[in-house]
Amino acid sequence: MRTLSVEQAMKASPTSDPVRVRGWVRTRRDSKAGISFVAINDGSCFDNFQVVAPSSLGNYEKEVLHLTTGCSVEAEGVIVASQGGGQAVEMQASSLRVLGWVEDPDTYPASAKRHTFEYLREVAHLRVRTNTFGAVARVRNCLAQAVHRFFHERGFFWVHTPIITASDCEGAGEMFRVSTLDLMNIKKDANKPGHADFADDFFGKEAFLTVSGQLNVETYACALSKVYTFGPTFRAENSNTARHLAEFWMIEPEIAFADLNDDMQLAEEFVKYTLRAVLAERGDDMKFFAERIDKEAISRLEHVVESGFQRITYTDAVKLLEDAAAKGKKWEYPVKWGANLQAEHERFITEEVFKKPTIVTDYPKDIKAFYMRMNEDGKTVRAMDVLVPGIGELIGGSQREERLDHLDRRLEEMKLDKAAYWWYRDLRKYGTVPHAGFGLGFERLVLFVTGMANIRDVIPFPRTPKNAAF
RNA sequence: UCCCCGAUAGCUCAAUGGUAGAGCGAGCGGCUGUUAACCGCUAGGUUCUAGGUUCGAGUCCUAGUCGGGGAGCCA
């Protein structure tokens, strides 16, 4: 007997050959005409498959009539055209075996009623059985597959940059320490009072979880030309927002022989490609998001795919914001050249002015990282942020400073230890090339695509300050 | 980390300082090729934790924990 996934069964044509379907019960409806309708779902697609269980089944009274949401079952029977209106086909069951009961239906956390996402986070091991989290999981997978396909089709190589890093040159972000030292009994460094002696630690020096694979992947770009990373990233920042995680997945392409324009074009093509993939492959889940989560879930993606990304320099963006203020727009934070754009400013630009993803370029050097390429004006750098409606910053990228003398000047200005960057500086000594890249927070892409409101609900087991459950 | 708000039945929420309720879910029954099913009955509570005020605290005060909204940091 063939075993079909729910997805396959939904698409099967009526046949006289019995088949087998397995899954978890979503709902059971009884008819005194002597049948029960059992909707089962195995996660293979959004929809449930209707199994029609006649009272002639040997276990009908004892088992079928007691099935509740969450029970696991194995049904066998023929696929027939459905007499009801909710589905094209259904199974006329000749057997419905219960694999696992729900011990106490009264307290089953994912019962057949509406639950808040906040509550479901507390039962993250079961929330994926709900419509919403099943859909998120499938869309997330679709996006991840599309990421690799996009790069593979364009000749990029996936580079596995390290998770653990002993280099202290990854920049500003707070890092998680990786250590095997006994925290109850720390040996102090004789030469640095108040500091631990890391000579005895596993790596013989301080080590951390990576906050970015960029510096490492630049080395591969300067040999393989087109590369990207896609892996977990860690930030120990005490960020408590719907857009931040302590552990998240980041995609970081890096291209050699390329400038910021190439970088922006790559970013735009990349985002559009992944959106197209979701629209093409996950229509069932996207329909659900549009109906229940965010009315514009589908139309927003179609709009982005069809229209270009807006491009504007930081300087022009500041002018635009100042003009808006002159026309009566009230800013909680004043707009001033040289200062970071506030969330309210970014939202205004992307949600109210352009109403589409917007790339802001050429930021003042003092609010950006040391490795970004200096412009001719000596004041701005070749940086870009891709801002999207509803999310804010989806992508941050730049053309990298490939000129050693310029790079050294920036390291000195920012009081960074040049020696620590010896291998990064080597790239500029030995056959340096213009290159560029960006970082995209994968969960923010999932947020944007699904219309979900909180980043904790688009990753299976979110890690945030004070929360590493499951 | 800062500002604001919240925590009561399995879940979502009510309850003037004075006997803690409803809807959903669950159990039982009725009805029906059902599909957010519908109708009836039943069960279900350490009101987040620790102190305090009061004759009396779910309600007021203090501290803490956790959650939400906004901000910062960023992806």
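What you are looking at is a predicted structure, and each value in this text was computed from that prediction instead of being measured. Order of the sequence lines fixes the chain letters, A, B, ..., with proteins taken first and strands second; residue numbering starts at 1 for each chain.
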Going by modelled atom types, is there a donor-acceptor pair between the base of B/rU32 and the side chain of A/Asp30 at under 3.5 Å?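 Such a pair does not exist between side chain and base.
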| What about A/Glu237, does its side chain sit under 3.5 Å from the base of B/rU1 through a donor-acceptor pair? |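 Such a pair does not exist between side chain and base.
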Is any side-chain N or O of [X] closer than 4.0 Å to OP1 or OP2 of [N]?
X: A/Gln342; N: B/rG72; value: yes
X: A/Arg347; N: B/rA71; value: yes
X: A/Arg456; N: B/rG68; value: yes
X: A/His66; N: B/rG27; value: no
X: A/Asn467; N: B/rC66; value: no

Counting any heavy atom closer than 4.0 Å, what does [X] reach on the DNA or RNA strands: base, sugar-phosphate only, or nothing?
X: A/Arg26; result: nothing
X: A/Glu344; result: nothing
X: A/Tyr333; result: sugar-phosphate
X: A/Ser36; result: nothing

Any strand counts, and the cut-off is 3.5 Å on both contacts for Watson-Crick or G-U wobble. Which nucleotide pairs with [N]?
N: B/rG67; result: B/rC5
N: B/rC24; result: B/rG10
N: B/rU32; result: none
N: B/rG56; result: none
N: B/rG72; result: none
N: B/rU16; result: none

Write down the distance separating the [atom1] atoms in [N] and [M], rounded off to the nearest Å.
N: B/rA71; M: B/rC61; atom1: P; value: 28 Å
N: B/rG10; M: B/rG27; atom1: P; value: 16 Å
N: B/rG25; M: B/rU12; atom1: C1'; value: 11 Å
N: B/rU53; M: B/rU65; atom1: P; value: 24 Å
N: B/rU8; M: B/rA50; atom1: P; value: 16 Å
N: B/rA36; M: B/rU54; atom1: C1'; value: 48 Å

Quick one: which of A/Lys379, A/Arg382, A/Arg373, A/Arg311 gives a salt bridge (charged side-chain N to carboxylate O under 4.0 Å, His left out) with A/Asp362?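 Among A/Lys379, A/Arg382, A/Arg373, A/Arg311, the one meeting salt bridge (charged side-chain N to carboxylate O under 4.0 Å, His left out) with A/Asp362 is A/Arg382.
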Do we get A/Arg300 above A/Phe448's six-membered ring, with its NZ or CZ under 6.0 Å from the centre and within 45° of the axis?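 Relative to the ring axis of A/Phe448, which defines the angle, A/Arg300 lies inside both limits.
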With the stacking rule set at 5.5 Å and 30°, tell me whether A/Phe248 counts as stacking on B/rA75.
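Taking the rule of under 5.5 Å and under 30°, the ring of A/Phe248 does stack on B/rA75.
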Thinking salt bridges, do A/Arg243 and A/Glu443 make one under a 4.0 Å N-O criterion?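 Salt bridge between A/Arg243 and A/Glu443, a charged N being under 4.0 Å from a carboxylate O: no.
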(request) Answer yes or no: is there an ion pair linking A/Lys287 with A/Asp285, defined by an N-O contact shorter than 4.0 Å? (result)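 Salt bridge: no.
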Practice prompt. Return the nearest nucleotide to the side chain of A/Ser82; candidates are B/rC74, B/rG33, B/rG68.
Written response: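 My answer, after comparing the listed nucleotides, is B/rG33.
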